[in-house]
Asks: 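Here you go, one structure.
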Amino acid sequence: MKTASLFIPCLVDLFLPEIGEATYYLLQHLGIRPLYHPEQTCCGQPAINAGYVKQARKAAKHFIEVFGNDEVVVSPSGSCVCTVKDHYPQLLCDEPEWFRRANELSGRIYELSQYIVDVLGIEDCGASFNGKVAYHESCHVLRGLGVSAQPRKLISSVKGTELVALRGAENCCGFGGEFANTYPDISAAMVQEKCDNYLESGADILILCEPGCLLNIGGYLSRNHPDKKAMHLAQFLVTSLSPAGKFLDGGRKNGN
């Protein structure tokens with residue numbers, strides 16, 4: 001059986017553990033044995049965004065120490081994968097050995113849908129859902145990793161599902177980490193527009209691949225349209241694979 005090391009981002013660990021559970025369950029269902037290193041910590045993305053380079057380098061080195069010998073690393077967060085792939089080599093470029101290790105690791109870490117489709121060669125996970133769904137193109141997933149076709153293939157292969165067009169699907173939802181705190185009014189307008197487009201699409205569920213986007217969009221929906229759902233791709237795919245429907249639990253479905 002193939003193995004894959006699972007990197008669970010801070011937002012998932014602290015606020016959205018159901019995404020981590022769904023990712024673990026999904027990989028098992030696909031014949032992968034997930035490995036979890038309990039000593040893993042934040043990838044350092046918040047420190048990088050805030051300009052704390054010294055602290056970010058410390059986080060990067062710890063991440064490399066934890067995952068550096070693993071054959072493959074998989075994460076349900078495109079922004080964290082982007083941090084490791086793109087920012088680590090930049091952060092450590094003046095330290096030859098760490099730079100080498102960062103570059104090696106950058107070729108072995110994948111966003112979840114990217115790993116399933118591009119590495120495992122799987123598009124149909126055996127899931128089913130009778131309804132319409134729309135897909136939000138998260139910034140780091142789309143522009144950072146170039147991942148767009150992969151999640152769409154996985155969604156389109158779900159039996160009974162119709163993938164409908166989402167106006168402005170590629171537009172930012174307004175989260176952006178510190179952006180939402182620094183520019184709350186602009187962020188609020190952006191997430192409102194995103195959710196208005198979702199409602200306009202007629203979809204039953206809005207699917208995305210980024211935990212930060214789920215916190216932002218799910219929070220807005222829970223406050224303004226509690227009957228509408230936003231969901232991480234991993235949760236959506238395992239819904240029909242979980243008899244109890246635990247990943248659709250009402251208390252967590254919108255990132256509350």
Side-chain angles (χ1 to χ4, degrees), residues 2-9 12 16 18-34 72-82 85 109-166 169-170 173 194 198 201-214 217-218 229-243 245-248 252-253 255:
K2 291 183 178 180
T3 61
S5 288
L6 193 58
F7 172 52
I8 300 299
V12 174
L16 300 165
E18 61 271 23
I19 293 177
E21 294 170 2
T23 300
Y24 189 94
Y25 185 93
L26 180 60
L27 290 175
Q28 280 192 321
H29 174 74
L30 297 176
I32 303 299
R33 183 167 66 91
V72 64
V73 182
V74 180
S75 177
S77 169
S79 64
C80 291
V81 172
C82 239
K85 290 182 72 70
I109 185 168
Y110 300 91
E111 182 272 331
L112 179 62
S113 71
Q114 184 183 36
Y115 176 68
I116 294 173
V117 175
D118 294 347
V119 179
L120 298 183
I122 296 173
E123 294 182 9
D124 188 348
C125 296
S128 62
F129 173 76
N130 293 318
K132 299 178 180 180
V133 303
Y135 177 67
H136 161 61
E137 303 267 14
S138 300
C139 294
H140 281 95
V141 178
L142 175 64
R143 286 175 275 276
L145 298 176
V147 169
S148 177
Q150 296 91 328
R152 291 179 179 275
K153 288 179 180 179
L154 292 170
I155 294 170
S156 297
S157 296
V158 175
K159 183 179 180 181
T161 296
E162 179 184 353
L163 179 59
V164 301
L166 176 68
E170 73 285 358
C173 73
K194 177 66 63 174
Y198 162 38
S201 73
D204 301 300
I205 302 176
L206 180 63
I207 306 298
L208 42 82
C209 292
E210 185 60 44
C213 295
L214 182 57
I217 295 173
K229 301 171 185 174
M231 189 180 299
H232 191 280
L233 177 66
Q235 295 172 273
F236 176 68
L237 291 175
V238 302
T239 297
S240 66
L241 307 177
S242 174
K246 64 183 291 188
F247 302 107
L248 274 174
R252 290 180 173 176
K253 66 186 178 185

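Residue numbers count from 1 along this sequence.
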Asks: Is there a side-chain contact between Leu163 and Val158 (heavy atoms, below 4.5 Å)?
Replies: no
Asks: Taking the side chain as everything from C-beta on, heavy atoms only, tell me whether Val119 gets closer than 4.5 Å to Tyr110.
Replies: yes
Asks: Please say which of Thr239, Ile155, Asp204 ends up in a side-chain contact (heavy atoms from CB on, under 4.5 Å) with Phe129.
Replies: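 Result: among Thr239, Ile155, Asp204, Asp204 is the only option passing the side-chain contact (heavy atoms from CB on, under 4.5 Å) with Phe129.
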Asks: Mind checking salt bridge (charged side-chain N to carboxylate O under 4.0 Å, His left out) for Glu123 and listing every partner two or more places apart, or none if nothing turns up?
Replies: Lys153
Asks: In Å, rounded to the nearest 0.5 Å, how long is the span from CD of Gln28 to CZ of Arg33?
Replies: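 Interatomic distance, Gln28 CD to Arg33 CZ, rounded to 0.5 Å: 10.0 Å.
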Asks: Hey, what do you get for SG (Cys173) to CG (Leu214), rounding to the nearest 0.5 Å?
Replies: 9.5 Å
Asks: Taking the side chain as C-beta and beyond, is there a heavy-atom pair between Leu26 and Cys125 under 4.5 Å?
Replies: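 The answer is yes, as the side chains (C-beta and beyond) meet within the 4.5 Å cut-off.
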Asks: Let me confirm one number: the NE2-CD1 distance from His29 to Ile122, rounded to the nearest 0.5 Å.
Replies: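 Those atoms lie 8.5 Å apart.
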Asks: Are any of the side-chain heavy atoms of Val147 and Ser113 separated by less than 4.5 Å?
Replies: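 In short, these two side chains touch, coming nearer than 4.5 Å.
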Asks: Is it true that Ser75 and Glu111 share a donor-acceptor pair across their side chains at a distance under 3.5 Å?
Replies: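 Note: Glu111 and Ser75 side chains miss the donor-acceptor criterion.
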Asks: Within a strict 4.5 Å, meaning less than it, do heavy atoms of the Thr23 and Val12 side chains meet?
Replies: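 When only atoms from C-beta onward are counted, Val12 and Thr23 do not touch, as no gap falls below 4.5 Å.
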Asks: Is there a side chain to side chain contact (heavy atoms under 4.5 Å, CB included) between Ile116 and Gln150 once you walk through the steps?
Replies: CA-CA 8 Å; Ile116 294 173; Gln150 296 91 328; over 6 Å; no
Asks: So do Leu112 and Leu233 actually touch side chain to side chain, heavy atoms under 4.5 Å?
Replies: no
Asks: Please name the pair of heavy atoms, one in Cys82 and one in Leu145, separated by the smallest distance, quoted to 0.1 Å.
Replies: SG-CD2, 3.9 Å
Asks: State, with a plain yes or no, whether a side-chain heavy atom of Leu166 is found less than 4.5 Å away from one of Leu206.
Replies: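 Touching, per the 4.5 Å side-chain cut-off.
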Asks: Can you name the closest pair of heavy atoms from Pro76 and Ile19 and give their distance?
Replies: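 It is CB-CG2, 3.8 Å.
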Asks: For residues 131-145, pull every pair meeting side chain to side chain donor-acceptor pair (under 3.5 Å), keeping only residues two or more places apart or in separate chains.
Replies: His136-Lys194, Glu137-Ser148, Glu137-Arg152
Asks: Any chance you could measure Leu154, atom CG, to Asp124, atom CG, to the nearest 0.5 Å?
Replies: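 Separation between the atoms: 9.0 Å.
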Asks: Quick check: does any side chain N or O of Glu210 sit under 3.5 Å from a backbone N or O of Val141, one acting as donor and the other as acceptor?
Replies: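 Not at all, since once roles are kept as given, no pair shorter than 3.5 Å links the two residues.
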Asks: Closest heavy-atom contact between Ala4 and Ile32?
Replies: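 Nearest pair, atom of Ala4 first, then Ile32: CB-CG2, 3.7 Å.
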Asks: Going from CD1 on Ile205 to CD on Gln235, what distance comes out if it is rounded to the nearest 0.5 angstrom?
Replies: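 One finds 10.0 Å between CD1 of Ile205 and CD of Gln235.
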Asks: Locate the shortest heavy-atom distance separating Ile207 from His232; write the atom from each residue and the value.
Replies: CG2-C, 4.5 Å
Asks: Can you check whether Leu142 reaches Glu170 side chain to side chain, under 4.5 Å on heavy atoms?
Replies: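 In short, these two side chains touch, coming nearer than 4.5 Å.
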Asks: Ignoring hydrogens and geometry, is there a side-chain-to-backbone donor-acceptor pair from Tyr115 to Val73 under 3.5 Å?
Replies: no
